[in-house]
Amino acid sequence: MIEVQHIRKGFDGRVVIDDVSATLETGKCNLIIGSSGSGKTVLMKCIVGLFEPDAGDIIYDDQNFTAMNTKDKKAMRQQIGMLFQGSALFDSMTVEQNIMFPLDMFSNQTKGEKQKRVDEVLDRVHLTDAHKKFPAEISGGMKKRVGIARAIVLNPRYLFCDEPNSGLDPQTSLVIDKLIREITTDFNITTVVNTHDMNSVMEIGDKIIYMYQGLKEWEGTNKEIIFSKNEKLNSFIFASEFLQDAKDMRMLEMKGKISDDRDMNEMLK
Amino acid sequence: MYFFNHFGRFILMIKGMFTRPENHKMYWKELMHQCAELGIGSLGIVAIISVFIGAVSTVQTAYQLVSPVIPLATIAQIVRDTVILEFAPTLTCIVLAGVVGSKIASELGNMRVSEQIDALEIMGINTKAYLVMPKILACLIMIPLLVVIAMTLGIWGGRFAGEAANILSNEVFDRGLLLDFIPYNVTFALTKAYTFAFIISGIPAYYGYNVKGGALEIGQSSTSAVVTSCVAILLADYVLAALML
């Protein structure tokens with residue numbers, strides 16, 4: 001579990017996130033959502049320690065990360081895996097070398113053991129034939145999967161994903177979402193996902209934090225979000241007419257007024 | 001103020017490199033990789049420049065020394081001293097500032113912009129130690145070696161040009177080379193080489209490591225790194241000459 005306590009962060013005198021507190025639960029996909037510039041990436045970078053918060057604390061399972069010295073922070077970071085928005089794979093290394101890099105750096109395993117672990121994680125992300133390819137030779141979706149494989153190779157307790165679906169088609173996005181969900185439940189880790197993809201919100205959003213102009217505006221689950229009365233949240237998630245219609249249909253469906261797709265157009269009139 | 005701000009941050013970057021490596025074997029591997037990339041990769045251009053600089057020195061010196069009272073061996077003496085004192089260390093390092101400097105700045109800049117440096121930080125790796133230090137150490141090891149090679153090839157180029165252009169024979173050139181040779185000149189040249197090696201690697205590493213933005217900013221930082229390195233080399237060249245000669 002990660003506790004975010006009264007985090008505040010600004011740049012050049014401009015406050016980007018202000019007094020944000022939240023609890024990110026173990027074994028669940030915790031989603032941070034919000035429009036561009038709402039402060040979700042800054043919040044995530046504060047949580048993982050890439051940015052030093054101006055105020056507040058980050059607690060990783062009762063250990064105060066913000067108060068740790070450099071040595072302890074380095075040790076803690078080995079329990080953190082992160083998938084970056086652009087995957088951040090090392091260009092000069094093959095897929096296999098990218099995934100083996102954390103093992104080379106931090107484990108005393110033999111070459112055979114490391115190779116076995118690489119094969120395991122590549123199999124876990126359903127990439128069994130890309131070992132010798134370079135990042136430039138694989139697709140965006142494959143890069144994300146390699147990024148996930150690299151993030152989980154050291155068996156982290158915390159997984160962070162920054163916009164895992166950006167630049168991907170809806171079908172590949174679903175594959176990535178499913179993968180994140182599987183890894184979270186199978187390994188019982190704390191997963192934090194930054195996204196503004198509403199499909200992800202509905203698919204994997206066990207817990208959702210909605211950021212608006214640097215403040216935590218709403219918190220709930222994917223079951224609750226659709227019925228939220230929060231106007232700012234509603235204008236964010238139902239930004240398109242299509243989604244608003246989908247919500248209306250869902251409401252009618254729940255009230256038992258429609259039974260299948262054929263009745264929907266009729267009922268919406 | 002602008003200068004002191006950057007200078008302070010540069011010092012902090014250098015200070016940040018001195019931590020215990022997470023894995024000595026990986027750091028050694030990276031150092032060897034950088035030695036090959038930055039040192040051996042620059043050997044070709046250094047060789048070409050050195051030979052031609054030596055050759056041109058011989059021809060131009062002979063052109064200016066028209067007096068029959070000056071012995072021809074003096075040409076070899078002048079070529080030797082100019083190559084050792086100035087051409088091999090300074091000119092080679094100016095060229096390397098372009099070749100090696102832009103490579104370091106753009107490589108680190110690209111890693112910064114594409115979040116590869118953040119990815120290493122998240123893993124718990126000190127990126128200043130893992131990415132910057134091997135580059136600086138590799139330059140400190142390889143550039144003095146390149147300068148020694150440049151000295152040798154420069155003098156050989158001068159000797160070859162003297163014979164080829166019928167200015168002076170190889171025997172006369174060799175006699176001139178040994179005449180009044182001051183070994184301290186080599187010490188001075190190597191001192192310059194070490195100083196310039198640090199400038200060539202440190203300044204571009206600072207520019208690349210601190211890039212913000214995208215492709216345009218990587219290009220700008222690479223250009224700024226090369227320009228600043230060249231100016232710093234010329235400044236250091238003058239300061240060292242004034243202090244040591």
Side-chain angles (χ1 to χ4, degrees), chain A residues 11-12 41 44-45 47-52 65 68-93 97-109 111 135-136 143 146-148 150-154 156 158-163, chain B residues 5 12-13 15-38 41 103-104 106-131 133-135 138 208-215 217-218:
Chain A
F11 297 97
D12 303 323
T41 299
M44 182 176 266
K45 287 191 172 177
I47 298 172
V48 297
L50 286 174
F51 289 154
E52 195 79 34
F65 185 64
M68 280 179 189
N69 59 31
T70 315
K71 196 182 160 194
D72 291 339
K73 267 188 186 170
K74 275 175 94 169
M76 174 58 82
R77 278 181 172 162
Q78 284 165 42
Q79 297 179 41
I80 296 173
M82 185 159 178
L83 168 66
F84 286 86
Q85 192 172 355
S87 302
L89 301 179
F90 306 127
D91 305 324
S92 56
M93 297 182 192
Q97 287 166 338
N98 261 285
I99 299 165
M100 205 180 275
F101 184 83
L103 293 170
D104 285 336
M105 194 59 103
F106 296 110
S107 80
N108 295 318
Q109 294 174 357
K111 203 171 177 210
K143 278 183 192 166
V146 176
I148 293 173
R150 189 178 65 183
I152 62 169
V153 75
L154 285 175
Y158 314 97
L159 177 66
F160 293 85
C161 305
D162 188 14
E163 310 255 2
Chain B
N5 176 34
L12 284 175
M13 183 189 81
K15 183 175 163 263
M17 294 185 328
F18 296 100
T19 54
R20 202 178 157 189
E22 293 80 19
N23 183 326
H24 287 88
K25 208 174 138 191
M26 290 291 284
Y27 275 67
W28 176 254
K29 201 173 148 189
E30 181 63 14
L31 175 63
M32 290 299 108
H33 171 70
Q34 293 300 332
C35 284
E37 280 272 308
L38 305 176
K103 183 175 164 53
I104 291 175
S106 54
E107 184 185 323
L108 287 176
N110 183 44
M111 287 187 81
R112 169 64 75 195
V113 168
S114 62
E115 295 180 309
Q116 291 175 47
I117 292 181
D118 286 346
L120 288 167
E121 290 275 353
I122 288 288
M123 288 177 201
I125 294 165
N126 178 354
T127 51
K128 292 183 189 96
Y130 183 67
L131 295 175
M133 188 145 76
K135 288 179 172 57
Y209 191 83
N210 292 297
V211 165
K212 280 185 186 132
E217 285 77 10
I218 295 171

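Each chain gets a letter, A, B and so on, in the order the sequences are listed, and its residues count up from 1. Hydrogens, waters and symmetry mates are skipped; everything else that's a heavy atom, side chains included, is used.
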Specify the closest pair of heavy atoms between [X] and [Y], including all atoms of both residues, with the distance to one decimal.
| X | Y | answer |
| --- | --- | --- |
| Cys35(B) | Ala138(B) | N-CB, 3.7 Å |
| Tyr209(B) | Met13(B) | CB-SD, 4.4 Å |
| Pro102(A) | Arg150(A) | CG-CG, 4.0 Å |

Relative to chain B, which segment of [X] carries a heavy atom at a distance below 4.5 Å: side chain, backbone, both, or neither?
| X | answer |
| --- | --- |
| Ile80(A) | both |
| Leu83(A) | neither |
| Gln85(A) | both |

task = Among the options Ile117(B), Leu120(B), Thr19(B), pick out the one with the most heavy-atom pairs lying under 4.5 Å from chain A.
result =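 Max contact count across the listed options: Leu120(B).
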request  = Show your reasoning for whether salt bridge (Lys or Arg N to Asp or Glu O under 4.0 Å) applies to Lys45(A) and Glu121(B).
outcome  = CA-CA 11 Å; Lys45(A) 287 191 172 177; Glu121(B) 290 275 353; over 6 Å; no
key: Side-chain touch Ile125(B)/Leu131(B), heavy atoms, less than 4.5 angstrom   = no
task = Identify, with sequence neighbours excluded, every residue that meets ring pair (Phe, Tyr, Trp, His ring centres under 6.0 Å) alongside Phe11(A).
result =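 Residues passing ring pair (Phe, Tyr, Trp, His ring centres under 6.0 Å) with Phe11(A): Phe51(A).
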Residues of residues 23-32 of chain B within contact distance of chain A, non-hydrogen under 4.5 Å =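 Under the 4.5 Å heavy-atom cut-off, Asn23(B), Met26(B), Tyr27(B) qualify.
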key: Options Asp104(A), Leu154(A), Thr70(A), ranked by heavy-atom pairs under 4.5 Å with chain B, top entry   =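 Winner by heavy-atom pair count: Asp104(A).
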task = For the pair Glu22(B) and Arg77(A), find out whether any cationic side-chain nitrogen is under 4.0 Å from an anionic carboxylate oxygen.
result =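 The answer is no: the pair does not qualify as a salt bridge.
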query = Just checking, is any N or O donor in the side chain of Asp91(A) or Gln116(B) under 3.5 Å from an acceptor N or O on the other one?
reply = yes
